[in-house]
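Right, one structure below, let's go through it.
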Amino acid sequence: MIRQYELVDMVRTYDPNLDETMLNRAYVFATRAHGEQKRASGDPYFSHPVEVAGILAGLKLDTATIVTALLHDTLEDTDATQEDIQQLFGTEVAVLVEGVTKLSKISFTSAQSEQAENFRKLLLAMSVDIRVLLVKLADRLHNMRTLQYIKNPEKRSRIAVETMEIYAPLAGRIGMQEMLEELQDLSFAELNKEARDSVLTRRDFLRQRTGESTARIAALLKDTLAEKGISATVSGREKRPYSIWNKMHRKAISFEQLSDIFGFRVIVGSLDECYRALGVIHQTWPVMPGLFKDFISIPKRNNYQSIHTTVIGPDRQRVEIQIRTAEMHEVAEYGVAAHWQYKQGVAPNTAGLLQDPYSWLRELVDMIEEGDSPEQFLEYTKLNLFIDQVFCFTPAGDLIALPRGATPIDFAYAVHTEVGDSCVGCRINGRAMPLQTGLQNGDQVEIIRSQAQTPSPGWESVAITAKARAAVRKFVRQSQRGEYIALGREIAQKAFRTEDYPFSEKAISQALTPLMLSSAEEMFEKLGRGLLTGQQLMEAAFPGVKMRSPQVPVALTALKDGRRSRSAAIPIRGMTAGIAVHYGDCCHPLPGDRIVGIQTSGGGATIHTIDCEILEQFGNTPERWLDVSWDASGDAPDFFVGRIETTLSNEPGSLSVLSTLIAKNQGNISNLKICGRTPDFFDMEVDIEVRDVKHLSNIIAALRGSPHVSKVERTHG
Ligand code: MN
């Protein structure tokens with residue numbers, strides 16, 4: 001375990017602005033907070049955050065990041081609070097620690113690897129600052145290095161899969177090549193130990209056969225270059241087992257065909273020396289054709305620069321050689337972290353590395369979307385990534401990516417159109433929530449479904465995704481048409497009954513040609529929409545026949561006298577309110593009321609109670625009146641809204657008496673408006689959800705019985 005002074009010394013070597021007091025305080029704070037806790041390895045728990053801090057110090061990160069590493073598990077695993085950290089270490093560290101804690105609460109549960117990309121995006125979206133992600137990656141690296149101590153094999157393999165699918169690629173995305181390779185190899189050791197062992201055996205065999213060690217080849221390279229006056233740092237390494245195995249698989253080649261099991265880095269002082277070193281190497285050993293790449297002349301899009309070549313080296317062993325300057329090397333090795341170092345050393349306006357301070361952001365977005373750039377060159381700063389997206393989980397752990405502002409309705413349609421169409425409610429993180437709730441990153445959303453449910457027209461304004469809106473619109477349009485057709489059919493049947501003609505397919509089809517319509521459905525739809533009247537239909541079906549009662553206007557007086565014929569009434573209850581049939585806002589008709597329909601041109605019918613005052617306005621247009629009745633057999637909506645006017649005594653508790661009485665009688669107040677107030681009384685309008693007129697009458701009777709209620713009446717238009 002790295003000791004306190006060792007850590008401080010490490011950071012001091014590269015960070016002249018080191019806040020030594022804060023670093024010491026963090027070390028002590030974390031030791032105390034974790035106390036006697038132990039790791040699976042038996043080590044004190046505190047060794048873990050210290051090692052994580054050590055990994056990040058190796059990447060030369062700033063004091064705030066190192067302090068965050070020391071504190072990263074204190075919020076979750078100890079008694080320490082956000083306030084403690086804020087007070088002792090300031091806002092910057094508090095925000096970073098909270099960020100890492102949030103990331104740790106998310107675990108990758110889906111077995112589907114297509115989900116991995118969304119998951120990586122979620123982690124990036126939640127890493128407000130790139131340093132949060134760096135701490136998380138270092139945390140994962142240390143956990144992987146100590147994975148063998150975890151006893152449960154399923155847990156080990158779950159962590160390894162998560163590392164391979166999520167964290168290693170993330171490290172690659174932000175340019176941490178070394179971290180990427182180590183994470184992959186550690187996962188490989190857990191997930192496919194046999195394959196890894198066999199690669200290791202063959203690599204060892206190769207080493208024995210050639211008798212070469214990387215150290216010897218490196219020394220040879222260095223000497224050869226020195227003879228020609230080029231001073232270089234040469235480091236050699238063997239490709240990691242996972243990289244070897246992966247390349248064999250990807251390119252379907254044998255171990256012997258791999259050209260780069262031994263790789264060497266030649267770091268020189270200047271750009272000029274890169275090309276001179278290349279010349280010396282190509283003169284000394286034969287070059288392998290087709291494997292030479294000059295990324296100095298043409299850098300990769302992410303600014304990675306290096307010359308790659310492969311030669312047949314000593315003992316006829318192929319070796320890959322990368323030649324670059326020290327500065328290019330830092331960028332290639334440490335990605336984001338390297339850039340952070342440059343930034344720290346350079347005054348802001350002389351930082352020639354960044355002409356456009358936001359170019360890195362665009363690059364990062366490109367890179368993440370395309371996912372093809374292992375080495376990256378970025379500025380560390382706020383990671384405002386995917387601010388236009390949210391990522392939410394299904395109960396099964398699948399991730400759904402949605403635009404910001406999306407609601408559970410969008411979520412339901414994103415899962416499947418059927419799920420959206422049958423959605424009745426939702427639970428967000430286990431709590432029942434309204435369907436118009438805005439979703440947040442990491443929310444777990446459970447859609448409650450019912451086969452009896454159909455999309456509500458109002459959803460169109462709640463949903464924000466094109467898929468959900470289009471599905472709702474399509475459904476509404478379809479069901480609207482279906483309802484107009486049903487309503488139109490009723491109107492046609494009524495017209496036949498009125499004239500005493502049997503309703504027949506034949507008569508209907510006879511009417512089509514004179515009306516210039518192509519199908520009976522089209523005709524019913526027009527009738528339903530009020531674009532065609534029953535009288536016009538009869539005249540078209542039976543041309544020249546004198547109508548017995550040329551569309552007797554169903555006059556208001558006739559209805560009020562109760563002279564309407566029951567059998568001719570159109571049953572309306574099965575139709576959904578809000579589509580073909582609307583209920584008047586003036587009189588709030590309820591099942592049990594005597595009602596009348598008024599056809600609106602192109603808009604279906606509005607239902608009013610027979611004594612609604614608004615009906616006077618339609619006295620001169622009897623052709624728009626529809627004789628309608630409640631259909632007791634239909635699938636009725638569960639409740640209707642009735643409206644009452646009431647006068648309550650103006651004293652404490654009278655409002656609560658009103659609401660209690662309504663609730664006791666199974667009514668639900670849906671709206672409440674105070675219309676007037678005097679010192680003694682106040683007048684209110686109350687909308688109550690009830691089953692039918694009888695239900696509302698019961699409530700009115702109950703209210704009349706209360707001493708607080710001086711007057712109560714149902715509203716009539
Ligand atoms: Mn940890």
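Counting starts at 1 for both ligands and their atoms, following the listed order. All residue numbers in this chain count up from 1 along the given sequence.
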field: Qualifying residue, where the test is side chain to side chain donor-acceptor pair (under 3.5 Å) with H34 and the options are R32, E36, Q37
entry: Q37

message: Does the plane of the ring in W245 sit parallel, tilted or perpendicular to the ring in F188? Use 30° and 60° as the thresholds.
response: tilted

field: Candidate pair L147 and I150, rule side chain to side chain contact (heavy atoms under 4.5 Å, CB included), full reasoning
entry: CA-CA 6 Å; L147 187 66; I150 291 176; 4.1 Å; yes

- request: Sorted by first residue and then second, give each ring-ring contact (aromatic ring centres under 6.0 Å, His included) pair with at least one member in residues 132-152; sequence neighbours left out.
  value: H48-H142

- request: Might you work through the ring pair (Phe, Tyr, Trp, His ring centres under 6.0 Å) test for Y27 and F46, ending with a clear yes or no?
  value: CA-CA 9 Å; Y27 197 102; F46 179 60; 5.0 Å; yes

- prompt: Are R196 and D185 ion-paired here, with the side-chain N under 4.0 Å from a carboxylate O?
  reply: yes

query: Ignoring water, what protein N, O or S atoms are under 2.8 Å from the Mn ion (ligand 1)?
result: H48 NE2, H72 NE2, D73 OD2, D139 OD1

